[in-house]
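Here is the structure we will look at, set down as structure tokens.
Every number for a ligand or one of its atoms is a count from 1 in the order of the listing.
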Amino acid sequence: MNEAASTLEGWYALHDFRSINWAAWKAADDEERAVALDELQAFWKEWKAVEDSSKGSTVVYTVVGQKADLVMMHLRETLEDLKAVENAFNKTMFAQYTTKSYSYVSVVELSNYLGKEGEDPMQNPEIIARLKPVLPQRQYICFYPMNKKRELNDNWYMLSMDERRTMMRSHGMIGRSYAGKVKQIITGSVGFDDWEWGVTLFADDALQFKKLVYEMRFDEVSARYGEFGSFYVGSLLNEATLEEMLKL
Ligand code: VOV
């Protein structure tokens with residue numbers, strides 16, 4: 001049997017995409033809308049408290065285009081915690097004015113391709129911080145799921161560890177040239193969702209997503225072995241910008 005990469009897992013992730021039912025939102029009266037918004041703002045404060053107690057992290061972004069209107073990305077310690085936050089949102093008044101567009105379940109993952117020999121990664125605070133990250137509040141988010149191919153001639157999983165490591169090194173070099181411009185969070189979803197990984201990128205300049213993803217398309221690991229799902233892009237929401245977005 002070929003050597004599997006060993007992986008480290010951190011917080012569980014839920015990307016929860018919702019669309020706003022504008023007809024229902026507009027049909028509600030002022031008081032109903034105010035109650036829904038208040039409840040949502042209170043809920044948001046609870047997410048912040050979870051983050052302050054280092055038990056998870058949440059960010060909320062708009063989604064541009066018709067795939068969804070917003071995405072709540074939650075990181076939590078367990079799948080039960082993720083389900084609880086999803087349920088709690090579903091029970092809010094605001095949720096009645098939304099429909100479910102898409103969701104993605106995964107877990108923050110690091111692989112050992114570029115790890116240092118002989119080092120126990122769990123003793124490295126940088127690794128721990130990457131496994132349980134506070135999600136960045138950059139202006140833009142980009143999310144897409146992906147696989148590595150398992151076709152007869154292009155089967156990632158039949159390559160030797162050395163071949164995969166060489167390609168991942170090249171991948172990492174391209175990624176590193178975007179340091180400070182794009183922050184990536186890779187979440188593994190084998191056994192959890194329809195694709196093998198979720199890729200979540202954060203940047204203050206959305207064009208850097210295009211440049212990075214395009215450049216990676218020429219790199220063997222993506223050019224030859226990458227398969228990609230739908231892309232979602234949007235901008236950061238906070239309590240104030242959410243209110244602005246929902247104002248009639
Ligand atoms: C912002 C830049 C950036 C940087 C610095 C970066 C670096 C690295 C390193 C060092 C490593 C390996 C160790 C680890 O950390 O796990 C990875 C791992 C991974 N990556 Fe990456 N990646 C980036 C960015 C980045 C992008 C944009 C994509 C999407 C690919 C594309 O074509 O659209 C991606 C994918 C992945 C995946 C799916 C994995 C897991 C592969 C596996 O087989 O296990 N990644 N990645």
Check your understanding: Backbone N or O of K149 within a donor-acceptor pair of the N147 side chain at under 3.5 Å?
Key -> no

Point to revise | F228, W197, Y102 screened by side chain to side chain contact (heavy atoms under 4.5 Å, CB included) with P145, the one that passes | key: Y102

Check your understanding: Got a sec, which pairs hit ring-ring contact (aromatic ring centres under 6.0 Å, His included) with one end in residues 161-196, sequence neighbours left out?
Key -> none

Return a table of N or O atom pairs, ligand 1 on one side and protein on the other, at distances under 3.5 Å, rounded to 0.1 Å.
{"from": "ligand 1", "atom 1": "15 (O)", "to": "R130", "atom 2": "NH2", "distance (Å)": "3.2"}
{"from": "ligand 1", "atom 1": "16 (O)", "to": "S111", "atom 2": "N", "distance (Å)": "2.8"}
{"from": "ligand 1", "atom 1": "16 (O)", "to": "S111", "atom 2": "OG", "distance (Å)": "3.0"}
{"from": "ligand 1", "atom 1": "20 (N)", "to": "H171", "atom 2": "NE2", "distance (Å)": "2.9"}
{"from": "ligand 1", "atom 1": "22 (N)", "to": "H171", "atom 2": "NE2", "distance (Å)": "3.0"}
{"from": "ligand 1", "atom 1": "32 (O)", "to": "S222", "atom 2": "OG", "distance (Å)": "2.5"}
{"from": "ligand 1", "atom 1": "33 (O)", "to": "Y144", "atom 2": "OH", "distance (Å)": "2.5"}
{"from": "ligand 1", "atom 1": "43 (O)", "to": "K148", "atom 2": "NZ", "distance (Å)": "2.9"}
{"from": "ligand 1", "atom 1": "45 (N)", "to": "H171", "atom 2": "NE2", "distance (Å)": "2.9"}
{"from": "ligand 1", "atom 1": "46 (N)", "to": "H171", "atom 2": "NE2", "distance (Å)": "3.0"}

Review point. Just by distance, do the side chain of K55 and the backbone of E77 share a donor-acceptor pair under 3.5 Å?
Key: no

Review point. Does any donor atom in the side chain of T78 or D81 lie under 3.5 Å from an acceptor atom in the other side chain?
Key: yes

Check your understanding: When you look at CD of E119, are more than 12 heavy atoms from neighbouring residues, nucleotides or ligands closer to it than 6.0 Å?
Key -> yes

